[in-house]
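The next block holds one structure in the form of structure tokens; read it before the comments.
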Amino acid sequence: MSDWDESADFDAWEAQSLSAQAMAARPAPYLDTLNAPQRAAVERLDGPVLVLAGAGTGKTRALTARIAHLLNTGRARPNEILAVTFTNKAAREMKNRIGALVGGVIEGMPWLGTFHALNVRILRAHAELAGLKSNFTILDSDDQLRLMKQIIQAEGIDEKRWPPRLLASLIDRWKNRAWSPAMVPPDEAAQFDGKGASLYALYQDRLKTLNAADFGDLLLHVVQIFQAHPDVLAKYQRWFRYILVDEYQDTNIAQYLWLRLLAQGHRNICCVGDDDQSIYGWRGAEVGNILKFEKDFPGAEVIRLEQNYRSTAHILAAAGSVIHQNETRLGKTLWTEAPGGEKVRLIGHWDGEEEARWIGEEIEALIQGTRGNAPVSADGIAILVRASFQMRAFEDRFLTIGLPYRVIGGPRFYERAEIRDAMAYFRVVVSPDDGLAFERIVNTPKRGLGDKAQQEINRVARENGVSLLEGARILVEGGGLSAKARKGLAELVAGFDRWRAWNRALAAGTVADGELLVTDDRPETDGPLTHVELAQVILDESGYTEMWRTDKSPEAPGRLENIKELVQALEEFENLQGFLEHVALVMDNEQDESAPKVSIMTLHGAKGLEFPAVFLPGWEDGLFPSQRSMDESGLKGLEEERRLAYVGITRAEEHLTISFAANRHVYGRWQSALPSRFIDELPKDHVEVLTPPGLYGGSYGASSPGGGFGADSLPGVMRGSDLETRAANADAYNSPGWARMQARRGQYGTSQPREARNLVIDAKAVSARTVGERVFHQKFGYGEVMEIEGDKLTIEFDKAGTKRVVASFVTAADEAPF
DNA sequence: ATTCCCGGTATTTTT
DNA sequence: TACCGGGAAT
């Protein structure tokens with residue numbers, strides 16, 4: 001990468017940095033906006049520093065100000081600062097904010113990035129020390145799994161009893177701990193039918209042969225290089241004079257070792273994190289790293305950021321009360337100067353559907369400001385769930401009432417099958433040795449190349465010691481396979497030859513106008529062929545686009561749309577190669593849609609975000625805290641779940657509503673559950689218990705008059721489940737929640753006029769659909785309109801059955817994309 | 001080689 | 001309930 005080339009001349013940079021030190025410190029206006037502890041975190045530049053930054057305490061502000069300060073005081077040049085984040089988003093944000101602080105004066109920071117991105121660069125520079133070539137490919141989890149599967153099959157292991165997934169997670173765990181195959185301790189190595197470590201070794205061998213590295217390797221290899229080659233390590237130690245780490249509580253052991261190695265000399269390391277927000281333990285993150293920071297770096301300064309600038313006092317009280325139940329924590333208490341605001345609201349429902357319905361109505365009220373509050377934009381509202389299956393109830397409900405929503409963190413763009421397929425074509429064009437990519441698309445679209453043909457290709461390739469693509473060529477030229485299969489394969493091989501030639505010509509800059517316009521499909525265009533056009537040609541000539549065009553499934557048009565988007569994305573890059581490198585590391589896709597929408601996401605996905613209004617549904621024992629977490633990790637698991645609750649609560653700025661349902665439709669089965677134990681941990685003084693609407697005139701429960709929220713005292717919990725219990729709790733009718741509920745009923749109960757609801761949705765809602773018309777729906781595909789009532793249509797979908805949906809969610813079938 | 005049907009399975013997922 | 005993977009049928 002160009003970044004690396006720029007900075008590779010180590011000594012030249014070092015010479016320059018000396019002059020930087022001589023630079024006079026300029027005034028530092030960014031310091032004035034900081035509170036005392038933030039300022040301490042910024043000004044304590046030397047030696048180890050741990051900044052314990054609670055949720056919403058201005059962590060990023062402190063971090064960026066610290067970097068600005070390093071630059072401003074002339075302590076370091078931009079290239080001498082190593083700043084590590086976990087996500088590309090965080091890296092991007094930091095870059096922007098630093099830019100804003102120091103003005104455009106200083107060129108970008110080359111070593112600000114994610115653990116993975118930074119390590120790719122380091123590894124590419126020393127690939128040979130890890131047995132790789134510097135142009136190694138980065139495998140995604142899909143490729144990884146396929147490789148494991150092949151190994152398991154080759155070893156004659158029963159896939160049913162020993163699924164590749166299990167091996168993958170095992171190896172992942174080991175890599176997170178920075179264990180090479182030889183280092184895996186015996187008891188661990190014996191896992192997976194006693195073959196764990198040997199399979200790990202085989203897998204690593206295969207990766208080397210493929211000149212590939214998986215995500216774990218990026219860290220593992222570099223740590224091993226640092227350990228085995230002190231000269232290399234020394235170079236980087238000198239190079240990075242100051243180290244900053246964001247989200248330190250999420251580091252795994254490999255990352256910890258990496259940091260410790262780099263910081264060893266000068267110990268100028270500043271880690272920022274929040275042990276209370278450690279929620280990725282199951283993914284290898286070690287809360288221990290942050291907990292034992294002072295031991296690891298004796299003399300470390302620990303700075304606590306506890307003043308919260310995000311939430312109301314009631315919300316903070318709720319968060320604090322819950323997290324205080326955790327034993328294993330460094331201890332922090334958030335406080336605010338903000339007023340109490342509205343209390344945290346708690347409500348129980350009979351079942352999950354009612355919960356979704358109620359939340360839908362609450363959101364509409366929030367948006368319209370009919371609850372006596374300033375209207376909240378849909379963008380400022382989020383529903384945070386523990387597990388993604390909970391999202392469906394909300395999607396269904398919002399689809400029916402026409403509430404615009406967006407699901408965040410679904411399958412990511414680059415993980416979609418069609419995108420992976422398309423990229424596999426590009427991968428083979430760019431690196432013909434990429435056997436995994438070749439395998440993925442040999443028979444996509446169908447070319448009559450089944451198992452047998454593919455095994456044949458494999459065999460020939462192995463016998464001749466060549467790549468799969470070359471193996472295929474030998475097979476074709478030698479007249480192997482059935483006539484039909486041979487024809488399909490011959491076309492594919494010829495296609496790759498052509499595309500590769502074009503790609504090479506592009507790289508060499510030897511493409512003349514019109515020179516390569518040899519295909520019938522490609523319309524004559526002016527100017528030289530670009531890599532974007534080449535990509536389009538590859539997808540067209542290979543028959544891939546055609547495959548989806550002829551596909552009748554409801555998702556086919558969307559897939560074509562995605563492919564189109566992919567090709568468009570290529571324009572941002574110089575060539576196919578650069579694009580592939582980017583995609584391997586930056587698997588995110590920011591979709592900035594214009595219309596305001598309510599966000600639905602998991603609690604994990606919400607970390608780092610904030611919203612004026614947050615709904616936390618599904619607080620039931622077993623679901624949240626998740627039974628599985630508790631079974632698998634005991635108290636540790638429970639504490640991590642509790643931290644998840646803390647993360648959820650602290651996302652809210654103004655309005656927070658926690659809810660639970662007595663019954664839930666899970667995997668097609670009805671399950672009942674008790675309210676979450678975390679509900680008992682909420683502080684009653686800061687919580688308002690609402691009485692759920694429902695049958696029997698509205699109420700079947702009461703708020704508890706004192707103490708916590710024992711399950712028995714909560715509305716919606718049907719212990720005993722009879723009317724007498726409900727009657728006994730008659731004081732519910734006097735509760736503020738009940739009064740409010742009554743008041744609200746009149747405003748937007750079931751008889752609410754349509755207009756009121758429609759304020760939320762598109763003005764075109766009542767569109768001109770006719771009975772019998774063919775329509776297309778984003779989620780349900782094609783269908784026929786059976787009935788029209790106002791803005792609601794009853795549609796018989798080809799695939800999804802009969803549904804009632806809002807008119808604005810469908811388009812005429814012939815206007816549908818593709 | 002492809003399709004179709006059955007049974008087993010089912011958190012959270014920054015790169 | 002929904003999806004995936006494997007085996008059998010075409």
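Just so we're on the same page: letters track the sequence lines, and every chain starts at 1. Heavy atoms only: backbone and side chains are in, while hydrogens, waters and symmetry mates are out. Source: prediction; values computed, not measured.
- The two residues A:Met148 and A:Pro164 make their nearest non-hydrogen contact at CB-CB, 4.3 Å.
- Taking side-chain N and O atoms only, A:Asn88 has no distance below 4.0 Å to OP1 or OP2 of B:dT14.
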Atom pairs under 3.5 Å: protein N/O with N/O of nucleotides 1-6 of chain B:
unit_1, atom_1, unit_2, atom_2, d
B:dA1, OP2, A:Gly450, N, 2.7
B:dT2, OP1, A:Gly448, N, 3.3
B:dT2, OP2, A:Asn443, ND2, 3.0

Please walk me through it: do A:Glu639 and A:Thr328 pass side-chain hydrogen bond (donor to acceptor under 3.5 Å, both in side chains)?
-> CA-CA 8 Å; A:Glu639 294 211 335; A:Thr328 321; 3.2 Å; yes

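- Summarising the geometry of A:Pro625 relative to A:Arg677, their closest heavy-atom pair is CG-NE, 3.8 Å, with the distance given to 0.1 Å.
- Checked against the 6.0 Å centroid threshold, A:Phe394 and A:Tyr405 do not count as a close aromatic pair.
- Between A:Leu623 and A:Gly618, the shortest heavy-atom contact is CD2-O, 3.5 Å.
- A:Phe136 and A:His221 have their aromatic ring centers separated by at least 6.0 angstrom.
- Rounding to whole angstrom units, CZ of residue A:Phe215 and C1' of B:dT15 are separated by 5 Å.
- Here the side chain of A:Arg447 pairs a donor or acceptor atom with the backbone of A:Ile441 at under 3.5 angstrom.
- Smallest separation of non-hydrogen atoms from A:Met391 and A:Ile600: CG-CG2, 3.6 Å.
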Table please: side-chain donor-acceptor pairs of residues 453-460 of chain A below 3.5 Å, with sequence neighbours left out.
unit_1, atom_1, unit_2, atom_2, d
A:Gln454, NE2, A:Leu449, O, 3.2
A:Glu456, OE2, A:Arg459, NH2, 2.6
A:Arg459, NH1, A:Glu463, OE1, 3.1
A:Arg459, NH1, A:Glu463, OE2, 3.0

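- A ring-centre distance under 6.0 Å is not found for A:Phe86 and A:Tyr280.
- Within residues 141-161 of chain A, the residues approaching DNA chain C are A:Lys149, A:Glu159, by heavy-atom distance under 4.0 Å.
- Shown here are the side-chain contact (heavy atoms from CB on, under 4.5 Å) partners of A:Ser599, two or more places apart in sequence or in another chain: A:Ala382, A:Arg406, A:Ile408, A:Met601, A:Phe611.
- Shown here for A:Gly273 and A:Ile290, the closest heavy-atom pair between the two residues is C-CD1, 3.8 Å.
- Between A:Trp258 and A:Phe115, the distance separating the two ring centers is shorter than 6.0 angstrom.
- If you walk DNA chain C from 5' to 3' and mark each nucleotide with an atom closer than 4.0 Å to a heavy atom of chain A, the marks span C:dT1 to C:dG6.
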Protein proximity profile, nucleotides 8-13 of chain B - base contact B, sugar-phosphate-only contact S, no contact -, cut-off 4.0 Å on heavy atoms = --BBBB

